[in-house]
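What's counted below: heavy atoms across the whole structure, side chains too, no hydrogens, waters or symmetry copies.
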Amino acid sequence: MLMEIAALNGACASAIDSGRLEDWPEFFLDQCLYKVTTADNYEKGYQAGLIYADSKAMLGDRISALREANIYERQRYRHILGMPLIVGAPDGTATAETSFLVVRTMRDGQMIVFAAGVYLDKLQRNDAGAWRYSERIVVCDSQRFDTLLAIPL
Amino acid sequence: MDQPVHERPSDAWPAGLTRVPYWVYRDAEVARDEQSRIFEGPGWHYLCLEVELPEIGDYRTTMIGAMSVVVARAEDGQIVAFENRCAHRGALICLEDGGKSKDFQCVYHAWRYDLRGNLTSVAFRRGVNGQGGMPDDFKLEHHGPRKLRTAVLCGLVFGTLAQDGPDIETYIGPEVLDRIRRVLHKKVEVIGRFTQQLPNNWKLYMENVRDTYHASLLHTFFTTFRITRLSQGGGVLVGDNGVAHASTTLAAVKGPDDSYAGMRSDNQGFQLQDPTFMNAVADFNDNINLQIVSVFPGFILQQIHNALAVRQIVPRGVDSMDLHWTYLGFADDTPDLRAMRLKQGNLAGPAGFVSMEDGAVGGFVQRGIAAADGEAAIVEMGGSGAESAGTRATEASVRGFWKAWRARMGI
């Protein structure tokens with residue numbers, strides 16, 4: 001299970017980092033929750049997210065907005081992922097906690113540590129038996145975001 | 001002899017409000033003057049929400065320009081504020097964003113303050129074993145951080161160092177006050193807090209907030225989904241002193257609208273897979289889609305459909321600022337309404353389909369004007385005045401901002 005979920009995390013990050021953003025929603029179940037928040041908001045139980053999607057369709061809309069609608073400077077991410085800490089459940093689902101570090105490189109070459117934090121994931125197998133995220137709460141350590149958050153974390 | 005790096009051309013501001021010289025966004029001397037004349041001057045500054053301080057001893061720390069401020073609920077229930085600076089050596093008195101306390105103690109030498117910022121004790125004031133200590137004529141009541149006058153308006157806490165001057169209602173003016181009361185008409189609840197660090201002078205962001213001309217041109221989301229188009233009803237209110245503004249957009253009239261034909265921002269090929277995102281739940285008893293209010297220098301109240309937020313501008317040097325977002329719901333939100341607020345939160349904030357672009361565009365200006373201190377921006381849409389208008393195809397409220405700024409700065 002550890003290797004399967006680590007591989008899922010890696011594939012999901014690779015889709016984002018290599019610009020294959022259209023592949024990214026496919027790592028989620030149709031009914032899912034994806035939220036980007038911060039440690040402070042998470043600890044206080046605040047519900048809102050920087051990005052908040054309660055369906056795979058909304059994740060797709062985030063990507064098509066980035067492609068067709070939104071104005072932002074060309075940039076790319078590099079995700080560095082930690083080893084997932086996994087708790088299996090008897091019903092075949094799992095929860096995983098994985099540290100991440102995202103370095104953002106702008107079109108002029110400027111690089112910054114854009115975000116660091118932890119993915120709090122709930123996972124289920126889909127009909128084909130592959131692990132997918134039913135929930136991914138992205139808890140960023142810092143509450144401050146440089147300029148904008150366009151590409152998902 | 002060293003040449004002055006940049007001499008502010010004090011006579012270089014063209015007459016009237018339709019030109020803004022670019023040095024105002026770049027000059028360190030201007031930024032220093034703004035701290036004393038604007039942020040420590042006679043205006044009112046947003047501090048926090050009243051609901052963030054429900055009980056005696058609850059406090060938050062916030063910023064007015066470069067000045068750190070403590071806001072607290074005192075023993076008598078009143079909300080008070082004081083500069084977050086120990087009277088002894090100037091260290092921060094309070095190191096947390098917020099919390100609950102009986103009093104405050106500076107960590108450096110343990111000088112204590114009550115909830116109102118009064119100095120109540122000095123460690124080893126009488127010395128040790130009869131030696132050392134403060135002189136006998138040292139009086140606690142003669143020392144302490146600067147205190148602010150505070151006011152609570154619709155659950156918003158404002159403060160000013162000016163102990164006299166207009167009250168908050170007069171400062172904002174009756175028309176914009178009505179626009180604030182429209183939104184904050186019952187108890188709110190904080191549902192999220194985020195900070196967006198923008199690579200531009202703070203004034204560029206406040207101008208963007210007041211710029212009703214750009215919204216439907218920069219933001220594809222607004223135009224494509226008819227959240228706000230200049231061809232929709234609505235208008236802009238600007239107070240006489242330029243201090244406050246409110247812009248409104250009425251719900252779109254059904255039927256074709258070709259006023260944006262051929263423009264990038266009208267992208268009819270762009271469809272949502274999950275269109276429920278735009279199914280706003282009725283929130284206010286009117287047909288206003290979008291309402292943005294600002295109060296000079298740094299307060300913004302946002303209603304975009306069901307996405308409600310307070311934004312606070314904090315300058316961080318000449319070419320950087322923090323934008324503090326507090327996302328709001330009402331305490332009595334139905335589950336459906338709260339769910340829609342969370343979804344429509346995607347429109348605003350650092351990752352907002354709309355707001356992310358406002359985060360970027362100020363930096364585009366700051367970089368674009370890097371060598372243009374002798375040039376000026378054109379702010380002439382809708383004429384040269386700063387009065388309320390029945391159209392948003394105007395830059396009247398941007399001119400209102402400069403009217404207020406120049407009055408404070410004496411420029």
With a 4.5 Å cut-off on heavy-atom pairs, point out which of Phe364(B), Phe194(B), Phe277(B) contacts chain A the most. Phe194(B)
Residue, of Pro350(B), Gly345(B), Pro199(B), that accumulates the most heavy atom pairs under 4.5 Å with chain A: Pro350(B)
List the atom of Leu66(A), the atom of Met356(B), and the distance in Å for their closest heavy-atom pair. CD2-CE, 4.0 Å
Partner chain B: residue of Ala150(A), Gly49(A), Ala53(A), Ala69(A) with the largest heavy-atom pair count (under 4.5 Å): Ala69(A)
Need one label for Phe353(B): side chain, backbone, both or neither, based on atoms under 4.5 Å from any heavy atom in chain A. both
Given that the side chain runs from C-beta out, which part of Leu218(B) has a heavy atom under 4.5 Å from chain A: side chain, backbone, both or neither? both
Atom pairs (donor, acceptor) spanning chain B and chain A, under 3.5 Å:
residue	atom	partner	partner atom	Å
Ile191(B)	O	Gln47(A)	N	3.2
Ile191(B)	O	Ala48(A)	N	2.8
Arg193(B)	N	Asn41(A)	OD1	2.8
Arg193(B)	O	Asn41(A)	ND2	2.6
Thr195(B)	N	Gln143(A)	O	3.0
Thr195(B)	O	Phe145(A)	N	2.8
Gln196(B)	NE2	Thr147(A)	O	2.7
Gln197(B)	N	Phe145(A)	O	2.8
Gln197(B)	O	Thr147(A)	N	2.7
Thr220(B)	OG1	Ala69(A)	O	3.2
Asn267(B)	ND2	Glu68(A)	O	3.2
Gln273(B)	N	Asp61(A)	OD1	2.5
Gln273(B)	N	Asp61(A)	OD2	3.3
Asp274(B)	N	Asp61(A)	OD2	2.9
Asp274(B)	OD2	Ser55(A)	OG	2.9
Asp322(B)	OD1	Arg144(A)	NE	3.3
Asp322(B)	OD2	Arg144(A)	NE	3.4
Asp322(B)	OD2	Arg144(A)	NH2	2.4
Arg338(B)	NH1	Gln47(A)	OE1	2.6
Lys343(B)	NZ	Asp54(A)	OD1	3.4
Asn346(B)	OD1	Tyr52(A)	N	3.0
Asn346(B)	OD1	Arg62(A)	NH2	3.0
Asn346(B)	ND2	Tyr52(A)	O	2.6
Pro350(B)	O	Leu149(A)	N	3.0
Ala351(B)	O	Arg62(A)	NH1	2.7
Ala351(B)	O	Arg62(A)	NH2	3.3
Phe353(B)	O	Asn70(A)	ND2	2.6
Glu357(B)	OE2	Asn70(A)	ND2	3.0
Glu357(B)	OE2	Ile71(A)	N	2.8
Arg367(B)	NH1	Glu73(A)	OE1	2.9
Arg367(B)	NH2	Glu73(A)	OE1	3.4
Arg367(B)	NH2	Glu73(A)	OE2	2.8

Across all chains, not counting sequence neighbours, the ring pair (Phe, Tyr, Trp, His ring centres under 6.0 Å) partners of Tyr213(B) are none
Any residue meeting ring pair (Phe, Tyr, Trp, His ring centres under 6.0 Å) with Phe27(A), in chain and number order, not counting sequence neighbours: none
Sequence neighbours left out, what pairs pass salt bridge (Lys or Arg N to Asp or Glu O under 4.0 Å) with at least one residue falling in residues 201-217 of chain B? Glu34(B)-Lys203(B)
Within 6.0 Å of CE in Met83(A), more than 12 heavy atoms from elsewhere: no
